[in-house]
Enquirer: 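Let me begin by handing over the structure; questions about it come next.
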There are 2 protein chains.
Amino acid sequence: MSSQTYSISDLARELDITTRAIRFYEEQGLLSPERRGQERIYSPRDKVTLKLILRGKRIGFSLAECRELIELYDPSGGNTKQLNSMLAKISERREQLEQQLLDIEQMKLELDTAEERCVQALEQTLKSQAV
Amino acid sequence: MSSQTYSISDLARELDITTRAIRFYEEQGLLSPERRGQERIYSPRDKVTLKLILRGKRIGFSLAECRELIELYDPSGGNTKQLNSMLAKISERREQLEQQLLDIEQMKLELDTAEERCVQALEQTLKSQAV
DNA sequence: TCGGTGGTTTACGTTTACGTCAAGAAGGAT
DNA sequence: ATCCTTCTTGACGTAAACGTAAACCACCGA
């Protein structure tokens, strides 16, 4: 049952970010690790939170948006009004993700045509060299 | 054949961005509209470019990354080496998009579980109110 | 002729997300 | 006891992506 813990540089290494970034996320309220004296002690849960932050960043979420996601994920039960506003936020996020999916599909199509033009240009080059 | 043109505020209104942003994109080399005297005159192609920028931004691309995409889309044929490096960049971008797809799917799953917890908490609230 | 309306450049301000020292405390090896 | 490593808290610096304000043309209708 010895629940695993991590130092800040453990996580930095494993997740390939700087300790500065991790402390900054805490400063912005996205993380609140245990302390042993001054030292920060991270739980597996903290690690999951960090991964969520990194995923969020990869798809262009701001830290503020990531924090909202984390709060959504948090089991700190609020009152009914909060629950309803949480559901609203969740559906907002879902719409945003759907839009991003469309954007990505469109981007892929554009990469297709760009690639095609590249390949054709290369073929032209090779032909003219063959002469 | 009267090829359509737009003023800067036309595009700002239509694409829901500020004129400042549009000028900034130009300053960063993402756009180079015609001029009539001092005045900027935008073509349909410029509009397409702007839409590409906005799509890029929605999925977290930096302006520098957007500019690369625009250059990829550009038919200004380079030499063979450039073409090969373009193909490499295209496949890099494609990998990044695939990663983003995975990230988004994961996010959607997390929204699912967050929503489920919300709904269950709401049901609990209603039950206890019913007594 | 005069007052908008819409365009321009220049320039400084702001927010976000950290990077980069500096200075110090804590524990372990020699 | 001293040195090394790893941690800590400031505090200032920086790049990106604009916002905002100033000061200036140019045309157009009343």
Side-chain angles (χ1 to χ4, degrees), chain A residues 4-43 46-47 49-71 93 96 100 103 107, chain B residues 4-43 46-47 49-71 93 96 100 103 107:
Chain A
Q4 174 128 3
T5 67
Y6 311 88
S7 78
I8 192 168
S9 49
D10 286 345
L11 288 184
R13 252 189 309 279
E14 194 170 340
L15 302 180
D16 196 31
I17 50 180
T18 66
T19 60
R20 176 67 178 98
I22 297 179
R23 291 197 191 94
F24 181 73
Y25 300 152
E26 177 178 349
E27 192 182 321
Q28 300 297 307
L30 285 79
L31 224 55
S32 40
E34 299 295 308
R35 296 271 181 155
R36 190 177 53 200
Q38 287 282 68
E39 200 174 347
R40 291 169 173 85
I41 308 291
Y42 296 87
S43 70
D46 291 324
K47 188 169 153 186
T49 300
L50 270 172
K51 285 185 181 177
L52 198 153
I53 295 171
L54 298 180
R55 240 197 326 271
K57 282 175 57 73
R58 276 197 300 273
I59 54 178
F61 284 24
S62 70
L63 289 186
E65 288 172 318
C66 289
R67 187 179 48 210
E68 272 208 350
L69 285 177
I70 293 166
E71 286 163 3
R93 286 291 155 222
Q96 181 181 353
Q100 289 187 287
D103 287 330
M107 282 286 183
Chain B
Q4 174 126 4
T5 67
Y6 311 89
S7 77
I8 192 167
S9 50
D10 285 345
L11 287 183
R13 253 189 308 279
E14 192 169 340
L15 302 180
D16 197 29
I17 51 181
T18 65
T19 61
R20 175 69 178 95
I22 297 179
R23 292 199 192 92
F24 182 72
Y25 299 152
E26 178 179 347
E27 191 182 322
Q28 299 299 304
L30 285 82
L31 224 55
S32 41
E34 299 295 310
R35 297 271 181 156
R36 190 176 53 201
Q38 286 281 68
E39 199 175 345
R40 292 168 173 85
I41 307 291
Y42 296 89
S43 69
D46 292 325
K47 187 169 158 188
T49 300
L50 271 172
K51 285 186 181 177
L52 196 154
I53 296 172
L54 298 180
R55 237 194 332 268
K57 283 176 59 74
R58 277 198 299 273
I59 56 178
F61 284 24
S62 71
L63 289 186
E65 287 172 318
C66 289
R67 187 180 46 208
E68 273 209 349
L69 286 176
I70 292 167
E71 287 164 3
R93 287 290 157 224
Q96 181 181 352
Q100 289 186 288
D103 289 329
M107 281 286 183

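Computation of the quantities below employed the complete heavy-atom set of this structure, encompassing side-chain atoms and omitting hydrogens, waters and symmetry-equivalent molecules.
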Enquirer: Does the pair A:R13 and A:D16 meet the rule for a salt bridge (charged side-chain N to carboxylate O under 4.0 Å, His left out), with working shown?
Expert: CA-CA 5 Å; A:R13 252 189 309 279; A:D16 196 31; over 6 Å; no

Enquirer: Is it true that the NZ or CZ of A:R93 lies under 6.0 Å from the centre of A:F61's six-membered ring and within 45 degrees of the ring axis?
Expert: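 Verdict for A:F61: a cation-pi partner in A:R93.
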
Enquirer: Under a 3.5 Å threshold, yes or no: a donor from one side chain and an acceptor from the other, between A:D46 and A:S43?
Expert: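 Yes, side-chain donor-acceptor contact under 3.5 Å.
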
Enquirer: Indicate whether OP1 or OP2 belonging to D:dA17 is found under 4.0 Å from a side-chain N or O atom of B:Y25.
Expert: no

Enquirer: I'd like to compare against my own output: the B/S/- annotation of nucleotides 4-15 of chain C with a strict under-4.0 Å heavy-atom distance to protein.
Expert: --SSBB-B----

Enquirer: Check whether any side-chain N or O of B:Q28 sits under 3.5 Å from a backbone N or O of B:Y25 as a donor-acceptor pair, and report yes or no.
Expert: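 Looks like no, no N/O pair under 3.5 Å.
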
Enquirer: At under 4.0 Å, does any side-chain N or O of A:K57 touch on OP1 or OP2 of C:dC18?
Expert: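 Checking C:dC18 against A:K57, a side-chain N or O does come within under 4.0 Å of OP1 or OP2.
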
Enquirer: Output the rounded distance in Å from CG (A:D16) to P (C:dC18).
Expert: 13 Å

Enquirer: Of the options B:R35, B:R20, B:R67, which is the one that meets B:E26 in a salt bridge (Lys or Arg N to Asp or Glu O under 4.0 Å)?
Expert: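 For B:E26, the salt bridge (Lys or Arg N to Asp or Glu O under 4.0 Å) check succeeds only for B:R35.
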
Enquirer: Mind calculating the distance between CD (A:E27) and C1' (D:dC12) to the nearest angstrom?
Expert: 13 Å

Enquirer: Evaluate the side-chain contact (heavy atoms from CB on, under 4.5 Å) criterion for residues B:M107 and A:L69: first the C-alpha distance (whole Å), next the side-chain angles of each, then the deciding distance (0.1 Å), finally the verdict.
Expert: CA-CA 9 Å; B:M107 281 286 183; A:L69 285 177; 3.7 Å; yes

Enquirer: How many Å lie between CD1 on A:I22 and C1' on D:dC7, as a whole number?
Expert: 13 Å

Enquirer: How long is the line joining OH of A:Y6 and P of D:dC7, in whole Å?
Expert: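 After rounding, the reported distance stands at 15 Å.
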
